[in-house]
Amino acid sequence: MSDKRCRIRPRGAGPFLVVDLYNALLGAFGPQEWWPADGPFEVMVGAILTQNTAWTNVEPAVAALKEKGLLTPRALAGAPLAEIETAIRSSGYYRQKAGRLRELSAWLLSEWGGDLRLTFQEPTLRLRTKLLAINGIGPETADSILLYAAGKPVFVIDAYTVRILGRVGLTEHTDYGCLQRLFERNLPLDIDIYREYHALLVLLGKDFCRRRPEKSNCCACPVGSRCETGLLAAV
DNA sequence: GGCCAGGTCAAAG
DNA sequence: CTTTGACATGGC
């Protein structure tokens, strides 16, 4: 995808700045300190379990896995599918996700003996490509793993991000790569900022955009509607 | 009871 | 190449 097609839309006096939104969100909500997990492998597991699923449904699933001692690549790779399914049932799509978790674990085991330190020594792009090759790991899951588990400077795009950018008039593009480059071009190369920014966008999407007078997709409704608020208006 | 959630993949059109 | 359906539970 050429950069030309990723151009952001001018708004008012000039292009709206990605960093302005970050500062506004950080000022309004404070640091979120994502990802809520106990160690990198738990981040990876959570990244799969939370696919199109509320985090409140993921928590019991992670707890059950932990209870059964299944939160290591070796244990998960060797566990019966039925046992994994039972443990993660609350997270929804549990049959799909059980298979995905086990496939991911088997891969980590065979490539690096389950040692994530070794896994994360892999060059970022190379690791990203390998993650994407696993069935059930798409761009958002791969990048969440890279950013929050591996500590690589990769910006995560999710459905909230797409809606919010459209809502604030920054861009109407929805293409993952376009939006990712938009953030990465306009931010300092800083893992903590990437982590914090994505967390804040999710918070805005959940708590803020849900308080809406209209129906769904508040973040996509027209500027000037009743959805307009102090926070977004200030940006 | 309906709508939605921190997506992804495969099958159609 | 773009659109659509399947996957599934739990909270509001």
Side-chain angles (χ1 to χ4, degrees), chain A residues 1-2 5 21-22 25 29 31-38 40 42-65 81-82 84-104 107 128-150 154-167 172-180 183 194-221 227:
Chain A
M1 185 101 9
S2 73
R5 289 191 53 81
L21 180 57
Y22 176 69
L25 292 175
F29 296 123
Q32 301 306 304
E33 288 163 22
W34 261 19
W35 182 292
D38 183 12
E42 192 175 309
V43 172
M44 299 173 100
V45 169
I48 286 181
L49 292 183
T50 197
Q51 288 172 350
N52 201 43
T53 300
W55 187 252
T56 50
N57 284 8
V58 174
E59 281 172 331
V62 172
L65 288 173
L81 217 45
I84 304 176
E85 289 177 359
T86 303
I88 68 171
R89 195 163 57 77
S90 71
S91 74
Y93 308 133
Y94 60 90
R95 258 175 282 241
Q96 271 192 3
K97 287 174 178 176
R100 290 172 179 184
L101 285 179
R102 211 168 63 165
E103 194 185 335
L104 170 68
W107 172 71
R128 186 175 197 269
T129 303
K130 289 183 171 187
L131 283 167
L132 290 176
I134 295 178
N135 191 291
I137 297 189
E140 184 184 338
T141 307
D143 290 340
S144 295
I145 289 171
L146 289 170
L147 179 62
Y148 292 105
V154 176
F155 202 90
V156 178
I157 304 297
D158 70 340
Y160 289 137
T161 307
V162 175
R163 277 188 238 160
I164 291 166
L165 290 189
R167 172 62 181 79
E172 288 177 359
H173 281 295
T174 59
D175 178 78
Y176 192 98
C178 281
L179 296 184
Q180 185 172 51
F183 283 96
Y194 284 19
R195 286 177 167 170
E196 200 54 57
Y197 203 160
H198 174 64
L200 286 163
L201 285 170
V202 173
L203 180 64
L204 180 65
K206 267 157 60 170
D207 293 350
F208 177 81
C209 291
R210 265 188 172 290
R211 281 187 249 137
R212 63 202 177 213
E214 273 93 23
K215 308 230 283 258
S216 56
N217 293 353
C218 162
C219 285
C221 59
C227 291

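Basis for what follows: all heavy atoms, side chains included, without hydrogens, waters or symmetry-related copies. Protein chains get the first letters and strands the later ones, always in sequence-line order, with residue 1 at the start of each.
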Between [N] ([atom2]) and [X] ([atom1]): distance, integer Å:
X      : N      : atom1 : atom2 : result
A:E103 : B:dT8  : CD    : P     : 14 Å
A:I145 : B:dG7  : CD1   : P     : 14 Å
A:E140 : B:dA5  : CD    : P     : 12 Å
A:R89  : C:dG11 : CZ    : P     : 12 Å
A:Y160 : B:dC4  : OH    : P     : 11 Å
A:L49  : B:dA5  : CG    : C1'   : 14 Å
A:I157 : B:dG7  : CD1   : P     : 12 Å

List the residues meeting side-chain contact (heavy atoms from CB on, under 4.5 Å) with [X], not counting sequence neighbours, and say none if there are none.
X      : value
A:N52  : A:Y93
A:P60  : A:S90
A:A150 : A:F120, A:K152

Looking at residues at least two apart in the chain, or sitting in another chain, which of them share a salt bridge (Lys or Arg N to Asp or Glu O under 4.0 Å) with A:E196?
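Partners of A:E196 under the salt bridge (Lys or Arg N to Asp or Glu O under 4.0 Å) test: none.
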List for me each residue that meets salt bridge (Lys or Arg N to Asp or Glu O under 4.0 Å) alongside A:R128, sequence neighbours excluded, and say none if there are none.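 A:D143.
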Are any protein N/O atoms closer than 3.5 Å to N/O atoms in nucleotides 3-5 of chain C? If there are, list each pair with its distance.
none

#### Entry: Within residues 91-99 of chain A: residues closer than 4.0 Å to DNA chain B (heavy atoms)
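Heavy-atom cutoff 4.0 Å gives A:Y93, A:Q96.
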Using a cut-off of strictly less than 4.0 Å between a heavy atom of the residue and any atom of DNA chain B, enumerate the qualifying residues of residues 132-139 of chain A by number.
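Listed by number, they are A:I134, A:N135, A:G136, A:I137, A:G138, A:P139.
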- Given A:T141, which of A:M44, A:Q51, A:R100 fulfils the side chain to side chain contact (heavy atoms under 4.5 Å, CB included) condition?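 When A:M44, A:Q51, A:R100 are each tested with A:T141, the side chain to side chain contact (heavy atoms under 4.5 Å, CB included) holds only for A:Q51.
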So, for A:A61 and A:I88, which heavy atoms are closest and what is the spacing to 0.1 Å?
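A:A61 and A:I88 have their closest heavy atoms at CB-CA, 3.7 Å.
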- [ ] Under the side-chain hydrogen bond (donor to acceptor under 3.5 Å, both in side chains) rule, collect the residues that match up with A:S144, sequence neighbours excluded.
- [x]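 A:S144 satisfies side-chain hydrogen bond (donor to acceptor under 3.5 Å, both in side chains) with no residue once adjacent residues are dropped.
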Contacts of type side-chain hydrogen bond (donor to acceptor under 3.5 Å, both in side chains), residue A:T53, not counting sequence neighbours
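Checked A:T53 against side-chain hydrogen bond (donor to acceptor under 3.5 Å, both in side chains); matches are A:K97.
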Within this structure, what is the [atom1]-[atom2] distance for the pair [X] and [Y], rounded to the nearest 0.5 Å?
X      : Y      : atom1 : atom2 : value
A:I164 : A:D158 : CD1   : CG    : 7.5 Å
A:H198 : A:Q32  : NE2   : CD    : 11.5 Å
A:I137 : A:E103 : CD1   : CD    : 8.0 Å

Rounding to the closest angstrom, what is the interatomic distance between C:dG10 and B:dT8 at atom P?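 It works out to 22 Å between them.
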task = Pick the P atom in B:dC4 and in C:dG5, then give their distance to the nearest Å.
result =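 After rounding to an integer number of Å, I get 16 Å for this pair.
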For A:Y197, give me all partners under ring pair (Phe, Tyr, Trp, His ring centres under 6.0 Å), at least two apart in sequence or on another chain.
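Applying ring pair (Phe, Tyr, Trp, His ring centres under 6.0 Å) to A:Y197 gives A:Y22, A:F155, A:F183.
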Do any N or O atoms from the side chain of A:Y148 and from the backbone of A:W34 form a donor-acceptor pair under 3.5 angstrom?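 No, the answer is negative, given that no donor and acceptor are paired below the 3.5 Å cut-off.
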Q) How is A:A159 classified with respect to the nucleic acid when contacts are heavy atoms under 4.0 Å: base, sugar-phosphate, or nothing? A)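 Sugar-phosphate, no base atom in range.
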- [ ] Check each residue of residues 50-59 of chain A for a non-hydrogen atom within less than 4.0 Å of any atom in DNA chain C, then write out the ones that pass by number, or none.
- [x]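 Residues of residues 50-59 of chain A under 4.0 Å from DNA chain C: A:N52, A:N57.
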